[in-house]
Amino acid sequence: MAKAHLRVHPNEIVAPVSERLFGSFVEHMGRAVYTGIFEPGHPTADADGFRGDVLALVRELGATVIRYPGGNFVSGFRWEDSVGPDRPVRLDVAWHSVETNQVGLHEFAAWADTAGVEIMQAVNLGTRGIAEAAALLEYSNHPAGTALSDERRANGRDEPFGITLWCLGNEMDGPWQIGHKTADEYGRLAAETGRVMKWVDPSIELVAAGSSNADMPTFGSWERTVLEHSAEVIDHISLHAYYEETDGDVASFLASGVGLDRYIAAVATIIDEALDAQGLDKSIGISVDEWNVWYQSRFNDVDKPPLFEGEWNRHPRIIEDEYSVTDAVVVGSLLMSLLRNADRVSMANLAQLVNVIAPIRSEPGGPAWRQTTFHPFSLTAAAAHGTVLRSTVESRLVDTPLYGAVDELDAVAVLNDAELVLLLVNRSVDEALQLDVALDGCAARAVSSAVSVHAPAGGSRFSSNTAQNPHTVVPVALASAALAGDTLALELPPLSWSIVRLSVAAPAETTTIDSEGAAA
Ligand code: AHR
């Protein structure tokens, strides 16, 4: 069996883990909203039409902040359609669908309150601009006494929504985007819109749209130009990253986290250079506000032509990818990459939440279930709190066509007052990995839990969960995990994502001594 070694450095802190790393995304597209989170008449629906079974899974997933309402959708969206008693039915040109506006800002905000998540609101900088963005912000966050804030109150919400996070448009670098712009056009618009929005409400945080993916021909120059215009006013710049297995290249697919590490590093360098060049004494975080596994090749080859040539339908089934064990391992390792880069990544949103490339699936009038990718996300979101520690890996190298030689073992360590949490991936498709972890100085006491996501008995790396068989792929106990002194030993199954939680001795109490030498 192959062997690997990991050392955790308890005194080398990367950064605290922001709760916002465990975000997700609900777009008005496909069945994310309608028959996803919202389905009046469903046996579990509440009085407002929101599904109880889906809500329970959203809570279990542990999502903290949800980006809304798009995505490509937002670039053609008129927010006024989605508030008040009159809800016009409109064409959604981005997804060739019919939007009824039955769910709008008030309904979504009430759902977000119940789900216990923060809203990250996107404004339309595709077909609209400064005035409409500022109006939406005033409607949402101004207490009272103006036409827009009083309209909100008349529509049933007395208190402001208090939305802090605002995205300045979506993927404006992409030719597929409604109102696609050059970097200069977008940079100017983002800066001027952001300035006015901060005059309306100085407490908000603004996210400028970075590149749609690292392979965009404009990647790099887009960020530089946008930052030239907007660095003074924005707080975060976005990065979107989707991965898929192509042409049977599973080695590269399993190393997607390495690709994301490099993408983040490249954007971080551009931010530093821009701040330096402009003499700005501030920080700009990286908002990875769309990331996931997404089989875009299937979408482009199969779903897209019929979708864009066919009928205009209400909530059609679009990009409802069914995820495998391999996809779950990659999602787990992408989340590990986000944690490893916690010093630069200020927030991140798994795209999306329900039905549309989502960890949660639901059927109209039927069940809701957890996809394979649900498990690494929920287990990480439940445990990875505290600070990320630096760790060093020694393992065999795997050759990958896309990223060169990468370690067979991927690992991240997170420490808090009660636990040391290890996230581990074995990138070998067919060999288990015997791992020992040096925990000197970590005060680890005992293994409190160790579970793994891998191919089920009798299944394969392609196994998935479906409405009929929702529990084919579930986390299973990693019985081999054993702590002896400061060394943890365990066997990682082939192609697996694992989480080990170890209890640690409580940090020594700090005693304050008063001027007379007595403990206070
Ligand atoms: O998440 C699906 C789509 O992917 C979003 O609408 C868009 O922003 C991205 O291209």
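In each ligand, atom 1 is the first atom listed, and ligand 1 is the first ligand listed. Remember, it's a predicted structure, so these values are computed and weren't measured experimentally.
Side chain to side chain, Thr326 and Arg461 meet the donor-acceptor criterion of an N or O pair below 3.5 Å. Under 3.5 Å, the side chains of Thr164 and Glu205 contain no donor-acceptor pair of N or O atoms. No hydrogens or angles considered: nothing links the side chains of Glu290 and Asn349 as a donor-acceptor pair under 3.5 Å. At a cut-off of 3.5 Å, with distance as the only test, no side-chain donor of Gln296 or Tyr243 sits close to an acceptor on the other residue.
In terms of protein heavy-atom proximity, atom 4 (O) of ligand 1 is nearest to Glu290 OE1, 3.2 Å. Among protein heavy atoms, atom 7 (C) of ligand 1 sits closest to Asn72 OD1, 3.2 Å. Counting protein heavy atoms only, atom 2 (C) of ligand 1 is closest to Gln352 NE2, 3.5 Å. Nearest to atom 6 (O) of ligand 1 among the protein's heavy atoms is Glu27 OE1, 2.6 Å. Nearest protein neighbour of atom 10 (O) of ligand 1, counting heavy atoms only, is Glu171 OE1, 2.7 Å.
At a heavy-atom cutoff of 4.0 Å, ligand 1 is contacted by no atom of Phe73, backbone or side chain. Contacts between Trp95 and ligand 1 below 4.0 angstrom, taking non-hydrogen atoms only, involve the side chain exclusively. Under 4.0 Å from ligand 1, not a single heavy atom of Val356 appears.
A donor-acceptor pair under 3.5 Å links the side-chain atoms of Asn213 to the main chain of Asp215, judged by distance alone.
Between Phe73 and Phe77, the angle of the ring planes lies from 30° to 60°, which puts this pair in the tilted group.
For the side-chain contact (heavy atoms from CB on, under 4.5 Å) criterion with Val33, the lone passing option out of Val354, Val103, Val356, Leu353 is Val103.
Looking at ligand 1, you won't find any N or O of Trp294 less than 3.5 Å from one of its N or O atoms. Every N/O-N/O distance between His240 and ligand 1 stays at or above 3.5 Å.
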